Amino acid sequence: MNRVEVRKYHIRRGDFSLKSIDLAVDEGEIFAVVGKTGSGKTMLLESIAGFYEDGTGEVLIDGISVSSIPVEERRIGFVYQDYGLFPHMSVLKNIAYGLTMQKQKKSETLQKVQQIAGLFSIGHILHQYPGTLSGGEKQRVAMARALITNPRLLLLDEPFSALDPETKKALYKQVKHISAHYQCPIIFVTHDFEEAAFLADRIGIMEAGKLCAVRTPDTLFSSYDSESIHRFLGIKGE
């Protein structure tokens, strides 16, 4: 079972810090994180991925501290807003990168790349380079690269923000399919409330480094004790 837990986690970078974050996301659950720019959303994803060594508290996957797991064995897929594709590598080599680092056999790697390329409908662009791709194609390649190692956790940092509405809808379906097929927890950051409500099982609201509230989509726009959250969500005071 792939379960992610964050317990009393605190990390400081310069004048900003995440403060006493408590969060648990279960296998197969999609969890959205919303908040103003600078509220700590990306730092939260990076903390969960184990990017920082000086945080206090705990980040656990299946009860094991992320920091105690070697990077190559963490099996955490991470997709940034700018996709992070290697421009000098073909789509095929980009997708295969994680398996190549694991030194899997070339024949097995190629088979897995072809399989996941079929899942994302990108088999026809495997020999192209990132500079020739559309935003939607780059996003699919980035997702395929993150998923080919069969991750225990998938982290997405504003994955759809630069895409047109039609491409977004197609990728929303893809994320739902990924959740059902891989059963790994998915945590994604977004500025789009409708996107969060459509995709996520639960939604967390970040404010000044704190996870201030966690709601289900149907209660996202209900009343809060915080007037600043009301302003952020556009909820009129009673």
Side-chain angles (χ1 to χ4, degrees), residues 2-11 16-49 57 59 77-81 139 143 146 153-238:
N2 299 319
R3 175 181 168 86
V4 180
E5 295 177 83
V6 184
R7 299 177 181 171
K8 303 298 180 189
Y9 184 83
H10 181 98
I11 181 81
F16 184 82
S17 61
L18 295 182
K19 307 173 187 75
S20 196
I21 302 291
D22 281 299
L23 174 66
V25 183
D26 288 321
E27 182 177 77
E29 182 179 11
I30 302 177
F31 188 90
V33 182
V34 299
K36 293 179 182 178
T37 299
S39 61
K41 302 184 298 297
T42 298
M43 185 182 282
L44 175 61
L45 291 192
E46 292 175 340
S47 297
I48 292 171
V59 178
F78 201 124
V79 179
Y80 278 105
Q81 183 178 358
Q139 185 60 273
M143 298 273 261
L153 168 65
L154 182 61
L155 304 172
L156 309 173
D157 189 7
E158 296 195 48
F160 315 113
S161 61
L163 304 178
D164 63 85
E166 186 174 349
T167 303
K168 280 186 182 183
K169 288 180 181 178
L171 284 171
Y172 291 167
K173 291 180 182 177
Q174 205 78 61
V175 169
K176 292 276 193 182
H177 178 75
I178 288 167
S179 177
H181 182 78
Y182 288 88
Q183 281 295 295
C184 62
I186 298 175
I187 304 175
F188 75 99
V189 164
T190 180
H191 278 98
D192 189 328
F193 303 145
E194 290 185 7
E195 182 173 278
F198 177 75
L199 281 174
D201 300 296
R202 292 185 297 146
I203 302 163
I205 301 172
M206 293 286 295
E207 190 175 59
K210 295 181 179 179
L211 186 61
C212 295
V214 175
R215 292 286 181 91
T216 56
D218 59 329
T219 61
L220 179 61
F221 293 100
S222 300
S223 181
Y224 294 80
D225 293 331
S226 168
E227 185 56 39
S228 61
I229 292 180
H230 284 179
R231 288 194 300 270
F232 171 65
L233 292 173
I235 300 171
K236 293 182 180 180
E238 296 181 0

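Note that the structure is a prediction, hence the values are computed from the model and not measured.
Put simply, the side chain of V79 reaches to within 4.5 Å of the side chain of Q139, judged on heavy atoms. When side chains are defined from C-beta on, S17 counts as touching H10, because their heavy atoms get closer than 4.5 Å. V34 places none of its side-chain heavy atoms less than 4.5 Å from the side chain of H191. Taking 4.5 Å as the limit, some side-chain heavy atom of V214 sits within range of a side-chain heavy atom of F31. Contact of the V33 side chain with the I187 side chain is registered, since non-hydrogen atoms from C-beta on lie closer than 4.5 Å.
Atom NZ of K8 and atom NZ of K19 lie 14.5 Å apart (nearest 0.5 Å). Distance NZ/K173 to CD1/I178: 14.5 Å, rounded to 0.5 Å. Residue E227 holds its CD atom at 9.5 Å from CD1 of I235, rounded to the nearest 0.5 Å. Once rounded to the nearest 0.5 Å, the distance linking OG1 of T167 with OH of Y172 reads 11.0 Å. Atom OG of residue S47 and atom CG of residue L18 lie 5.0 Å apart, to the nearest 0.5 angstrom. The structure places OH of Y9 at 13.0 Å from CG of D22, a figure rounded to the nearest 0.5 Å.
At least one donor-acceptor pair under 3.5 Å links the side chain of K41 to the backbone N or O of G35. For N2 (side chain) and C184 (main-chain N/O), no donor-acceptor pair under 3.5 Å exists by modelled atom type. No donor-acceptor distance shorter than 3.5 angstrom exists from the side chain of H230 to the backbone of S223, with no hydrogens or angles considered. The closest donor-acceptor contact from the side chain of S179 to the backbone of K176 lies at 3.5 Å or more, if one exists at all.
Aromatic ring centroids of F193 and F198 lie 6.0 Å or more apart.
Counted by atom type alone, T216 and T219 present one or more donor-acceptor pairs between their side chains at under 3.5 Å. Side-chain polar atoms of D192 and T190 form no donor-acceptor pair below 3.5 angstrom. Donor-acceptor pairing under 3.5 Å is recorded for the side chains of E46 and Y80.
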Please step through side chain to side chain contact (heavy atoms under 4.5 Å, CB included) for the pair L23 and E5, ending with a clear verdict.
-> CA-CA 6 Å; L23 174 66; E5 295 177 83; over 6 Å; no
Trace of the side chain to side chain contact (heavy atoms under 4.5 Å, CB included) decision for M143 with V175 | CA-CA 9 Å; M143 298 273 261; V175 169; 3.6 Å; yes
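For the pair P185 and V4, the tightest heavy-atom approach, listed with the atom from each and the gap, is CG-CG2, 4.1 Å. F188 and A196 make their closest contact through CZ-CA, 4.0 Å (heavy atoms, listed as atom of the first residue, atom of the second, distance). Among all heavy-atom pairs drawn from I229 and I205, the shortest one is CG2-CD1, 4.0 Å. Contact between A49 and F78 at its shortest, heavy atoms only, is CB-CD1, 3.9 Å. Considering every non-hydrogen atom in both A24 and R3, the closest pair reads CB-NH2, 3.4 Å. Here the closest non-hydrogen pair linking E207 and C212 is CB-SG, 3.5 Å.
Enclosure of atom NZ in K210 is not indicated, since only 12 or fewer non-hydrogen atoms of other residues, nucleotides or ligands lie within 6.0 angstrom. Residue D225 qualifies as open at atom CG: its count of foreign heavy atoms under 6.0 Å is 12 or below.
Legend: salt bridge (charged side-chain N to carboxylate O under 4.0 Å, His left out) pairs involving residues 154-171, not counting sequence neighbours: none detected. For residues 193-204, the set of pairs meeting the salt bridge (charged side-chain N to carboxylate O under 4.0 Å, His left out) definition, not counting sequence neighbours, comprises E29-R202.
Taking the centre and axis of the six-membered ring of F221, the NZ or CZ atom of R215 falls outside the cone set by 45° and 6.0 Å.
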